[in-house]
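One structure below.
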Amino acid sequence: MTDRIPATLIEGDGIGPEIMQATLAVLDALDAPFTWDRQAAGMAGVDAAGDPLPGATIDSIAHTGLALKGPLTTPVGGGFKSINVTLRQRFGLYANLRPTRTVVPGGRFDNVDLVVVRENIEGLYAAMEHYLPCGDDPRGLAYGAGFNSRAECRRIVRFAFEHAVANGRKKVTLVHKANILKILSGIFLEEGRKVAAEYEGRVAVDERIVDACAMQLVIAPQSYDVIVTTNLFGDILSDLAAGLVGGLGMAPGANIGEKAAIFEAVHGSAPDIAGQGIANPLALLMAASLMLAHVGRQDLATRLDSGIDKVIRKDGLRTRDLGGQVNTHELTAALVQAVS
Ligand SMILES: NC(=O)c1ccc[n+]([C@@H]2O[C@H](COP(=O)([O-])OP(=O)(O)OC[C@H]3O[C@@H](n4cnc5c(N)ncnc54)[C@H](O)[C@@H]3O)[C@@H](O)[C@H]2O)c1
């Protein structure tokens, strides 16, 4: 009998419960080895426990070290701080892995297959923002600071190279803005070059300034294999990459640390379509595939990826965000059949 693996399950807000139900149905059909500990977060956490990140949810992730998470609603402006950011910081989830590959044929590009590795806990998202108190006086001044440590730059670049080695990828591109942010981005490039030298002969290295990288991604995404970069650049480039292959409904993400890993769809809770049964569950399913690979079940991850390819490429099924008319339930039923 397969050893069971305890994992935390957070359904999330908005379309979260719908796409999570779809994902669990497909994981069941695959006989995935997870034993779920269901917990709440986001608005669901507020409703259940008066807290967007209840202590029981934190304890569960600390215990299992593994979570599959639906999207969480974050109030704009005031309200509580993004739970996603809090989780990354709380569990030291330093690496954000965002694979992007063409699944839906006939889009802008038929041959995209790249991975963006984003540093997840430092950079300009350290939330060190200030406002000089002039009210709405035109002299009011907002300023923000960020930091990159040498140790973290080394760790994220090493993660990218190790990911390349483990997955048969050939090239890692260090993406930076060291020509302008000579210190903040400069040390990322310096440390990146040192780590890259350790992989000489095994994985090729390349360097790109972030703005040139953005342009080249739109023109010739096939020229990239693994991109590694700092927090803000990685956030933007990984969404750009998702746009090349059908949008956020096709974008999975993994947040990986030394003691825990949280897998999620990149998109949000999509309140505009919540409860209508039309959400695309593929991003969360692809995140589940990353989770299976993470726990050493590449066999099941490959079956899941092949099932997704079959229903999209061969059967031609599409949810509305991909220009089709299939609803979540119909797509799920086809996926269950494809992986069984
Ligand atoms: N990882 C996360 O938990 C996460 C990520 C981004 C945004 N959010 C939160 O989600 C809420 C809504 O944010 P938003 O509207 O800016 O972004 P969103 O990603 O929720 O939605 C943007 C657009 O994409 C569509 N969309 C998104 N996912 C889809 C799917 N699976 N299938 C079909 N269509 C889909 C939506 O209908 C909407 O039109 C906000 O509270 C935001 O803070 C959470």
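Note that ligands are numbered from 1 as they come in the structure, with each ligand's atoms numbered from 1 the same way. All residue numbers refer to positions in the sequence shown, counting from 1. This structure is a prediction, so every number in the text was calculated from the model and none was measured.
- Atoms of ligand 1 found under 4.0 Å from any heavy atom of K69 (numbered from 1 in listed order, with element): 3 (O).
- By heavy-atom distance, the residue among D272, L248, T74, L282 lying nearest atom 36 (C) of ligand 1 is D272.
- For ligand 1, the polar-atom distance check finds no N/O of T73 at less than 3.5 Å from any of the ligand's N/O atoms.
- Close contacts between ligand 1 and L72 involve ligand atoms 2 (C), 3 (O), 8 (N), 9 (C), 10 (O), 44 (C) [criterion: under 4.0 Å to a heavy atom].
- For E190 and R150, the salt-bridge test passes: some basic side-chain N is under 4.0 Å from an acidic carboxylate O.
- When only modelled atom types and interatomic distance are considered, N120 and N255 share a side-chain donor-acceptor pair under 3.5 Å.
- The shortest heavy-atom contact between V203 and A164 is CG1-CB, 4.1 Å.
- Taking a cut-off of under 4.0 Å to the non-hydrogen atoms of P71, the atoms of ligand 1 that pass are 3 (O).
- Not one N or O of I273 is nearer than 3.5 Å to an N or O of ligand 1, by distance alone.
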Q: Take E330 and L317, measure what side-chain contact (heavy atoms from CB on, under 4.5 Å) needs, and give me the verdict at the end.
A: CA-CA 9 Å; E330 290 160 340; L317 301 186; over 6 Å; no
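- With salt bridges taken as basic N to acidic carboxylate O contacts below 4.0 Å, none links R98 and E264.
- Between I15 and ligand 1, no N or O atom pair is found at a separation short of 3.5 Å.
- The option with the heavy atom closest to atom 26 (N) of ligand 1, from among A270, A279, S269, G253, is A270.
- The part of D321 lying near ligand 1 is the side chain, judged by heavy-atom distances below 4.0 Å.
- At a heavy-atom distance under 4.0 Å, only side-chain atoms of E264, from C-beta outward, approach ligand 1.
- Among P271, A283, G268, A41, the residue whose heavy atom lies nearest to atom 15 (O) of ligand 1 is P271.
- Looking at E258 and Y94, their side chains never bring a donor and an acceptor atom within 3.5 Å of each other.
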Q | Derivation of the side-chain hydrogen bond (donor to acceptor under 3.5 Å, both in side chains) call for E122 and S149 | A | CA-CA 8 Å; E122 292 193 344; S149 66; 2.8 Å; yes
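- Shown in contact with V266 at under 4.0 Å from a heavy atom are these atoms of ligand 1, numbered in order with element: 5 (C), 6 (C).
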Q. Where do V112 and Y224 land on the side-chain contact (heavy atoms from CB on, under 4.5 Å) test, with the steps shown first?
A. CA-CA 9 Å; V112 177; Y224 288 97; over 6 Å; no
